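Heads up, the thing below is written out as structure tokens.
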Number of protein chains: 2
Amino acid sequence: MNFSVSEENYIKSIYRLQQQQEVVNTNSLAQELNTRAASVTDMLKKLQLKKLLDYEKYRGFKLNAAGNKIALTIVRRHRLWEYFLVTKLGFEWDKVHAIAEELEHVSSIELIQRLDSFLDHPQTDPHGDPIPDVHGKFTPIKQLNLGEIPEKKSVIVSSVSNQSSEMLELLNHNNIKIGTGLRVIKRFAFDGSIEIKVNKQATCILSEQVSKNIFVYHD
Amino acid sequence: MNFSVSEENYIKSIYRLQQQQEVVNTNSLAQELNTRAASVTDMLKKLQLKKLLDYEKYRGFKLNAAGNKIALTIVRRHRLWEYFLVTKLGFEWDKVHAIAEELEHVSSIELIQRLDSFLDHPQTDPHGDPIPDVHGKFTPIKQLNLGEIPEKKSVIVSSVSNQSSEMLELLNHNNIKIGTGLRVIKRFAFDGSIEIKVNKQATCILSEQVSKNIFVYHD
DNA sequence: CTTTAAATTTAGGTAAACCTAAAAAAATGT
DNA sequence: ACATTTTTTTAGGTTTACCTAAATTTAAAG
């Protein structure tokens with residue numbers, strides 16, 4: 001079956017929210033998509049009609065197996081294009097999200113197959129997120145939230161969940177990228193901010209809001 | 001200014017028709033876009049309002065300077081993507097048109113700049129058509145129509161104007177591609193078909209309809 | 001020079017994807 | 001338990017890009 005750009009964006013956003021909350025609600029999806037709750041309800045009906053969604057009025061909704069599969073092909077396209085933009089065209093990793101957001105809707109199956117080969121079947125995108133294979137399978141990296149790493153622990157940055165330009169600009173400023181080694185020096189109970197050492201060199205302070213969006217794995 | 005996918009497709013089609021006819025008419029544009037005359041009229045008003053079009057009711061229309069410039073940036077994007085698909089992803093030259101048709105609407109200026117550099121600033125697309133530069137400039141190759149080449153003349157294929165899969169399949173079958181040497185053996189007055197020798201080897205017959213869509217330059 | 005035919009535009013309507021405002025259901029506080 | 005707040009849905013409207021059918025303009029033919 002074939003989906004409109006709007007439908008694909010809804011599917012992708014529902015998928016993303018499901019990583020955090022088992023069942024998604026109308027308002028959070030509206031916020032995610034920069035639209036209004038009433039518009040979301042309209043689209044939910046449509047996606048339910050197309051049998052991609054488990055949806056009970058007033059009770060929330062989630063993608064079913066079919067919906068999940070489609071979400072994963074969109075995620076796959078998005079992350080392959082991001083990888084292309086960074087490794088082949090030389091974009092900075094914080095500039096690719098918006099462009100990949102457009103490219104991901106070009107739906108030729110052969111295009112994505114060939115792009116994948118051309119890029120030598122990359123496993124993760126420039127933000128460290130895994131790229132699903134043709135069947136939607138991927139090995140999730142067991143990631144820990146930087147906001148929960150205790151003092152004196154050393155870790156390596158694996159991915160960043162909030163990919164806004166503002167967020168990534170801040171990370172760039174502090175020389176933090178995928179693969180960077182971090183060590184938590186001090187944790188401030190007052191506001192949840194943490195002091196960290198970056199690559200065994202400079203130290204910096206990250207707000208709780210920032211550290212919650214950084215995922216890491218053990219050194 | 002920013003244009004919808006529909007607007008861009010109209011602009012591109014008007015540009016293409018203008019290569020053949022100075023002033024474009026509603027019906028031929030409707031046919032080109034696989035839509036109805038009434039829909040075309042709707043869009044003409046819109047494009048005129050946006051000051052991209054010289055349009056006189058019932059009298060035909062053409063792109064003005066602003067419209068032309070936009071057409072050329074779309075053509076540039078389309079041809080760069082076609083070049084990418086063939087040289088980097090290994091697509092056959094007759095399979096890329098539809099995909100480039102989607103990719104061309106991704107509008108990031110930086111994307112196209114970087115793609116152009118990545119491809120080493122190609123001058124022509126896989127069909128032999130010149131790729132306009134950032135300013136819309138390109139050097140048109142002086143091309144002759146194969147349908148008008150006299151008997152016993154040898155020429156080289158420079159481009160193909162009808163890029164339908166069917167047309168290109170036929171050319172592939174006869175081993176004709178950009179750069180192929182052709183010699184007109186005989187011209188049949190009855191139906192305008194011609195007998196040609198391909199690469200000094202096999203001979204084949206091309207209908208007038210086909211030969212009219214092949215452009216060549218002197219050997 | 002009028003009649004007919006062809007091309008084009010207008011009028012009015014549809015579907016997709018949005019919106020605001022009001023109604024309905026669910027959650028919350030006392 | 002019931003009133004209030006929050007969340008969600010419904011009702012009805014807008015815009016874009018289509019459509020058909022009818023009216024208008026231009027071109028062609030006798």
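The structure presented is a predicted model; accordingly, all values stated were derived computationally and were not measured. Worth knowing before you read on, the calculation uses all heavy atoms, side chains too, and leaves out hydrogens, waters and symmetry mates. Chain naming here is simple, since letters A, B, ... match the order of the sequence lines and numbering starts at 1 in each.
- A:N25 places its CG atom 19 Å from the P atom of C:dA25, with the value rounded to the nearest Å.
- Here A:T26 reaches the OP1 or OP2 of D:dT9: one of its side-chain N or O atoms lies under 4.0 Å away.
- Remark: B:K88 qualifies as a cation-pi partner of B:F118 under the 6.0 Å distance and 45° angle criteria applied to the six-membered ring.
- Residue B:L44 contributes atom CG, which lies 6 Å from atom P of C:dT9 at whole-angstrom precision.
- Taking atom CG of A:L49 as the reference point, atom P of C:dA16 lies 11 Å away to the nearest angstrom.
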Apply the test salt bridge (charged side-chain N to carboxylate O under 4.0 Å, His left out) to residues B:K12 and B:E8: give CA-CA distance (whole Å), side-chain angles for both, the deciding distance (0.1 Å), then the verdict.
CA-CA 6 Å; B:K12 193 178 46 146; B:E8 288 194 352; over 6 Å; no
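- Between A:N27 and D:dT8 there is a side-chain N or O to OP1 or OP2 distance below 4.0 Å.
- OP1 or OP2 of D:dC18 lies within a sub-4.0 Å distance of a side-chain N or O belonging to B:S6.
- Each of A:A38 and A:Y58 was assigned the nucleotide of DNA chain C with the nearest heavy atom; the assignment lying further toward the 5' end belongs to A:A38.
- Rounded to a whole Å, the CG atom of A:L29 is 11 Å from the P atom of D:dT9.
- Rounded to whole Å, the distance from CZ on B:R36 to C1' on C:dT10 is 17 Å.
- Within the 4.0 angstrom heavy-atom criterion, base atoms lie near A:D42.
- The CG-P distance, from A:N9 to C:dA16, rounds to 17 Å in whole Å.
- Using modelled atom types, no side-chain atom of A:N34 and backbone atom of A:A30 make a donor-acceptor pair closer than 3.5 Å.
- Taking only side-chain nitrogens and oxygens, B:T41 comes nearer than 4.0 Å to OP1 or OP2 of C:dT9.
- Taking atom CE on B:M43 and atom P on C:dT10, their separation rounds to 16 Å, with Å as the unit.
- For the ring-ring contact (aromatic ring centres under 6.0 Å, His included) with A:H78, the lone residue among A:H127, A:H105, A:H97 that qualifies is A:H97.
- A:F61 comes within 4.0 angstrom of no nucleic acid atom, judged by non-hydrogen atoms across all strands.
- Nucleic acid contact class of B:Y10 (heavy atoms, under 4.0 Å, all strands): sugar-phosphate only.
- Straight-line distance from the NZ atom of A:K57 to the P atom of C:dA25: 8 Å, rounded to whole Å.
- A:E7 places a side-chain N or O within 3.5 Å of a backbone atom of A:S4 that can act as its donor or acceptor partner.
- OP1 or OP2 of D:dA27 sits under 4.0 Å from a side-chain N or O of B:R59.
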